[in-house]
Amino acid sequence: MRDEPFQNFQASSPQEGKISQWNDGKGCGRIRYGDKTVFAHIRDFERGQRRPRVGEEVRFMMGADPKGRACAMRVTLVKQGGRVGIGSWILLTALLILPGLALAWLPLPAWLGIGVFAISSVITYVMYAHDKGRAMAAGWRVPESTLHLAELLGGWPGAFLAQRRLRHKCSKVSYQAVFWCIVMMFQIGAVDVMLGLPLSRQVMARLFERG
């Protein structure tokens with residue numbers, strides 16, 4: 001198997017191949033294309049994807065490094081989905097305990113609260129999947145504020161799963177900061193409900209004082 005000369009490719013033409021070698025410690029390897037290979041570095045993979053593995057199919061553009069050597073650029077994994085690990089399921093379950101208990105304290109049927117969480121989570125997951133697809137196609141994106149609004153309306157469990165299953169929005173620090181603030185708001189709100197809404201009463205009292 002031989003390396004593909006850079007000049008034999010057109011930079012505007014996307015290529016497809018498989019990762020034939022990969023050293024995750026060094027973050028680099030080679031992509032096999034037909035009977036040829038080309039160097040690939042983790043920095044040239046599109047952001048928000050999981051770590052690549054040997055044998056995975058990828059799409060890429062041919063490019064050159066600062067020394068003029070051929071390399072793969074804008075590499076994307078054909079199969080974007082990843083596995084939601086047992087640790088993530090345990091964490092999600094733990095995060096749902098307080099909101100779940102709080103539902104029993106509200107003067108509403110439990111099935112109604114569960115239904116709102118479930119429907120909002122499904123909608124939010126679909127929004128994530130749509131945004132991921134648009135990102136791969138370099139098309140119009142779902143605004144981050146819209147995704148956060150869906151999380152705030154009860155869809156944060158779906159967002160939690162989508163981030164891990166789709167490997168989307170999980171590496172952007174600013175986005176994750178807002179997401180986890182929303183999750184913590186639900187935890188604090190749940191405790192407030194079970195304690196008789198003392199925090200909510202204080203907030204409302206201060207708002208009326210300023211008014």
Specify the closest pair of heavy atoms between Pro157 and Leu96, including all atoms of both residues, with the distance to one decimal. CG-CD2, 3.9 Å

Kindly determine whether Ser121 and Phe160 satisfy side-chain contact (heavy atoms from CB on, under 4.5 Å), including the steps that lead there. CA-CA 9 Å; Ser121 291; Phe160 180 92; over 6 Å; no

Under the side-chain contact (heavy atoms from CB on, under 4.5 Å) rule, what do Glu144 and Lys172 come out as? Steps first, then yes or no, please. CA-CA 11 Å; Glu144 290 186 352; Lys172 188 173 182 179; 2.6 Å; yes

Pro52 and Ile19 have their tightest heavy-atom pair at CB-CD1, 3.4 Å

Would you say the rings of Phe117 and Trp111 are close, in the sense that their centroids are separated by under 6.0 Å? no

Arg201 side chain to Gly196 backbone, donor-acceptor under 3.5 Å: yes

Are any of the side-chain heavy atoms of Trp89 and Leu161 separated by less than 4.5 Å? yes

One should read off an interatomic distance between Leu147 CG and Ile182 CD1, to the nearest 0.5 angstrom, of 10.0 Å

If I take atom CZ from residue Arg43 and atom CE from residue Met73, how far apart are they, to the nearest 0.5 angstrom? 8.5 Å

Minimal heavy-atom distance between Ile31 and Ala72, with the atoms involved, is CD1-CB, 3.8 Å

Answer whether the closest heavy-atom distance between the side chains of Trp156 and Leu95 falls below 4.5 Å. yes

Tell me whether Phe186 is reachable from Ile114 by hopping between hydrophobic residues (I, L, V, M, F, W, Y) whose side-chain heavy atoms are closer than 4.5 Å. no

For residues 146-160, which residue pairs qualify under salt bridge (charged side-chain N to carboxylate O under 4.0 Å, His left out), counting only residues two or more places apart or in two chains? none

Where the side chain of Asp44 meets the backbone of Arg74, is there a donor-acceptor pair that is under 3.5 Å apart? no

Backbone of Arg141 reached by a side-chain donor or acceptor of Asp131 within 3.5 Å: no

With side-chain contact (heavy atoms from CB on, under 4.5 Å) as the test, would you mind laying out the steps for Gln21 and Val54 before giving the verdict? CA-CA 6 Å; Gln21 301 174 28; Val54 172; 5.7 Å; no

Heavy atoms of other groups near Trp180 CH2, more than 12 under 6.0 Å: yes

Spatial distance of atom CZ (Arg53) from atom CG (Leu77) [nearest 0.5 Å]: 8.5 Å

Does one hydrophobic cluster hold both Leu199 and Met194, with members joined at side-chain heavy-atom distances below 4.5 Å? no

Correct closest heavy-atom pair for Arg165 and Tyr125 would be CG-OH, 3.1 Å

Quick check on the hydrophobic clustering: are Ile119 and Val116 connected, directly or via other members, by side-chain heavy-atom contacts under 4.5 Å? no

More than 12 heavy atoms of other groups within 6.0 Å of Met185 CE: no

Indicate yes or no: at least one non-hydrogen side-chain atom of Asp24 is less than 4.5 angstrom from one of Trp22. yes

When clusters are formed by joining ILVMFWY residues with side-chain heavy atoms under 4.5 Å apart, either directly or through shared neighbours, do Met184 and Leu91 land in the same one? yes

Please report the interatomic distance CD(Glu56) to OG(Ser20), rounded to the nearest 0.5 Å. 13.0 Å

Within a strict 4.5 Å, meaning less than it, do heavy atoms of the Thr76 and Phe45 side chains meet? no

Please say yes or no: joined through hydrophobic side-chain contacts below 4.5 Å, possibly via intermediate residues, are Phe60 and Ile42 part of one cluster? yes

Any donor and acceptor pair, going by atom type alone, linking the side chain of Asp65 with main-chain N or O of Ala70 inside 3.5 Å? no

Nearest 0.5 angstrom please: Tyr33 OH to Met62 CE, how far? 10.0 Å

Hey, what do you get for CD (Gln163) to NE2 (His168), rounding to the nearest 0.5 Å? 9.0 Å

Evaluate Thr37 against Arg30 for side-chain hydrogen bond (donor to acceptor under 3.5 Å, both in side chains), listing each step before the verdict. CA-CA 6 Å; Thr37 66; Arg30 307 199 74 80; 3.2 Å; yes

Nearest heavy-atom neighbours spanning Met61 and Pro14: SD-CA, 3.5 Å

Min side-chain heavy-atom separation His41-Lys26 under 4.5 Å: no

Is the backbone of Ser120 close enough, under 3.5 Å, to the side chain of Thr124 for a donor and an acceptor to pair up by distance? yes

Do Val78 and Arg59 have side-chain heavy atoms sitting under 4.5 Å apart? yes

